[in-house]
Amino acid sequence: MDQLNQLLVQRRKKAAELAEMDVELYANDFKPTHHISEVLSSGSANEAVANLDDAPNVRASFKVAGRILALRKFGKASFLHIQDDSGRIQVYVKKEIVGEEFYSQFKKWDIGDIVGFKGKLFKTKTGELTILADAIKLITKSLRPLPEKFHGLTDVEMRYRQRYVDLIVNPEVRETFRKRIEIIRLLREFLSNRGFLEVETPMMQAVPGGATAKPFKTHHKALDMDLYLRIAPELYLKRLLVGGFEKVFEINRNFRNEGLSTRHNPEFTMLEFYQAYATYQDLMDLTEEMISWLTAEINGSMEVTYQEQVVDLSPPWKRYTIDEALIEVGGIDPGVLDDPKAVIQLAKERGIELEPLAGPGKAKTELFELLVEEKLINPTFITAYPTEVSPLARRNEADPAVTDRFELFITGREIANAFSELNDPVDQKKRFEKQIVERGDDEEIHPVLDEDYIRALEYGLPAAAGEGIGIDRLVMLLTDSPSIRDVIIFPHLKAEK
RNA sequence: GGGCCGUUAGCUCAAUUGGCAGAGCAACUGACUCUUAAUCAGUAGGUUGAAGGUUCGAUUCCUUCACGGCCCA
């Protein structure tokens, strides 16, 4: 617990004094009639005049509630600003109007208290729409001082640990999270309008699959079995296609037991969707349409400024095979890409450390990450990923060394990953087995082969394509947020000591 | 895991070469009926992230640790 400093002691003392005056400190009998934004945009706002006596009966009375953010007290009258979910408004409290008793209560109110007012709108000398309070009510007494009004709260550690304070004093943070909520709502709307069903699949899985990552492990006592928090919903969503649902999606959390950074949080939000009888080409078109529409809805324009870079999301978007990108963006000699030994050699020359079993496909994707990825500012689809690095993707018919897969990059970051699904159970089983060999002695990744998923494929997964979109990164782009922690409302930090 | 940077009043930040820890806002007391970063007069508020070391003297230099940030893996 905090040592009670002077400020906290003073607040507790005021609370006690109010209680002495029979004031309820945590009342729940005040019903606002309007949000602040509704008051400010009401008919009364247009009619408001400096002197209420000019038209005392024509204007409506409002009841509003909110938190005190600023307080300017005079001897017999005061101005304050309160904030609710919709905005801020000034309130004028006069002793002459609210009466001696209420004004003496009011004098014990502090910045941070949650309060209610009833009154009519008028305009001050300086033209600000203001509620002239004729009744006042304490709703919740605050026992802690808020950060300073001018600079707000800037200490990032405190902003993340005490997000509630960040939200009270930094309006742009509220705006970012409102946008996040709207983005997710619009994605649901877009997919629902196209016949996709939103489903829920297990967060706790006996065999973590669908991606290569370290899972979080937990234990079910009654069943006496280890379970893993999912690293991806993929294998369950495809089981639903086996079952006969043709278009499904899920927006939910994935968990990966790996490092934290400005782009990684241990739990993050993914949109995954699967469509029977579609190919990765169909999903490229769908993705382009979905994200450009989303951008226009959220941003009002196809141009987005991200960290001072201007990004143009107008379709059509650039499409490269990974080889084309390595040549045209990465500046690699085309001859090298056709020679497996030369590709591995080049990767090593560039300082890339490859596992002993890694082949040219792994070398290519590593070179891509090193030389190309950060240069893809405007939306760019990269296709024809090596089969070696795409264990769940269908092989390309013309060239079985690559898969029918794409990734989407914007501002140098991977936003989406999609492919035509591998539905041959024999091929799938071989690739799973190869992954388990390649994981080496790191048993935390791919602890066992998912036999049930193979069995499902044996019943028959219809030809299909599926895609995952990292929602946090998409929100970062559309809210100009430099860190994933700015778009995750309660990001993970080490425990406070 | 590695490198660099940061941690001072409730908040935002200062503190000269190692020499009395300060300001603004917030708070408290008083004045004030149109203020809006209100104003005026006064007051209080500190284990300088923690522990150790060097020194006559450490916010400042050194070591370790904690937490955070950025970059890298």
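The figures here come from the full heavy-atom set of this structure, side chains too, leaving out hydrogens, waters and symmetry mates.
- Taking the P atoms as reference points, B:C20 lies 15 Å from B:U48, given to the whole Å.
- Spacing between atom CG of A:Leu8 and atom P of B:G46 amounts to 13 Å, rounded to whole angstrom units.
- Among B:C70, B:C11, B:G69, the nucleotide with an atom closest to any side-chain atom of A:Pro147 is B:C11.
- Between B:C11 and B:A26, the two C1' atoms lie 7 Å apart (nearest whole Å).
- In this structure, A:Glu353 reaches neither bases nor backbone, as no heavy-atom distance under 4.0 Å exists between it and the strands shown.
- Figure legend. B:U47 is base-paired to no nucleotide; pairs are counted as Watson-Crick or G-U wobble with both atom distances under 3.5 Å.
- The A:Phe150 side chain lies nearest to B:A37 when the options are B:A37, B:U33, B:C67.
- Nearest nucleotide to the A:Lys494 side chain, out of B:C67, B:C32, B:U12: B:C67.
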Derivation and outcome, side chain to side chain donor-acceptor pair (under 3.5 Å), residues A:Gln83 and A:Arg88: CA-CA 4 Å; A:Gln83 168 175 276; A:Arg88 297 180 181 190; 2.9 Å; yes
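- Minimum heavy-atom separation, A:Arg256 to A:Ala232: NH2-CB, 4.3 Å.
- If you take atom C1' in B:G69 and the same atom in B:G45, they sit 29 Å apart, rounded to whole Å.
- Comparing B:G69, B:A44, B:A38 against the side chain of A:Lys149 picks out B:A38 as the nearest.
- Side-chain atoms of A:Thr380 do not come within 3.5 Å of backbone N or O of A:Leu376 as any donor-acceptor pair.
- Between B:G46 and B:U59, the two C1' atoms lie 11 Å apart (nearest whole Å).
- Spacing between B:A23 and B:A9 at atom C1', rounded to whole Å, works out to 11 Å.
- Using atom C1' as the reference point in both B:G10 and B:C5, the two lie 26 Å apart (nearest Å).
- Residue A:Lys95 is classed as having no contact, given no heavy-atom separation below 4.0 Å to the nucleic acid.
- Under the Watson-Crick or G-U wobble criterion, with both distances below 3.5 Å, B:C25 is paired with B:G10.
- Between A:Phe409 and A:Tyr320, the ring center distance fails the sub-6.0 Å criterion.
- Within the nucleic acid shown, A:Gly152 comes within 4.0 Å of sugar-phosphate atoms alone, with no base atom in reach, counting heavy atoms only.
- Here, B:U17 and B:U7 have their C1' atoms 24 Å apart, quoted to the whole Å.
- Annotation: B:G3 and B:U8 have their C1' atoms spaced 26 Å apart (nearest Å).
- If you check B:G1 for Watson-Crick or wobble pairing at under 3.5 angstrom, you find it paired to B:C72.
- Of the nucleotides present, B:C56 is the one that pairs with B:G19 by Watson-Crick or G-U wobble criteria, both distances under 3.5 Å.
- Nucleotide B:U35: unpaired (no Watson-Crick or G-U wobble partner with both distances less than 3.5 Å).
- No hydrogens or angles were tested; on distance alone, a donor-acceptor pair under 3.5 Å links the side chain of A:Thr124 to the base of B:U35.
- Of the charged side-chain nitrogens involved, at least one lies within less than 4.0 Å of a carboxylate oxygen, so that A:Lys95 and A:Glu100 count as a salt-bridged pair.
- A:Leu153 has its CG atom 14 Å from the C1' atom of B:C13, to the nearest Å.
- Rounded to whole angstrom, the span from the CZ atom of A:Arg72 across to the P atom of B:A26 amounts to 10 Å.
- For B:G69, its base never sits under 3.5 Å from the side chain of A:Glu157 at any donor and acceptor pair.
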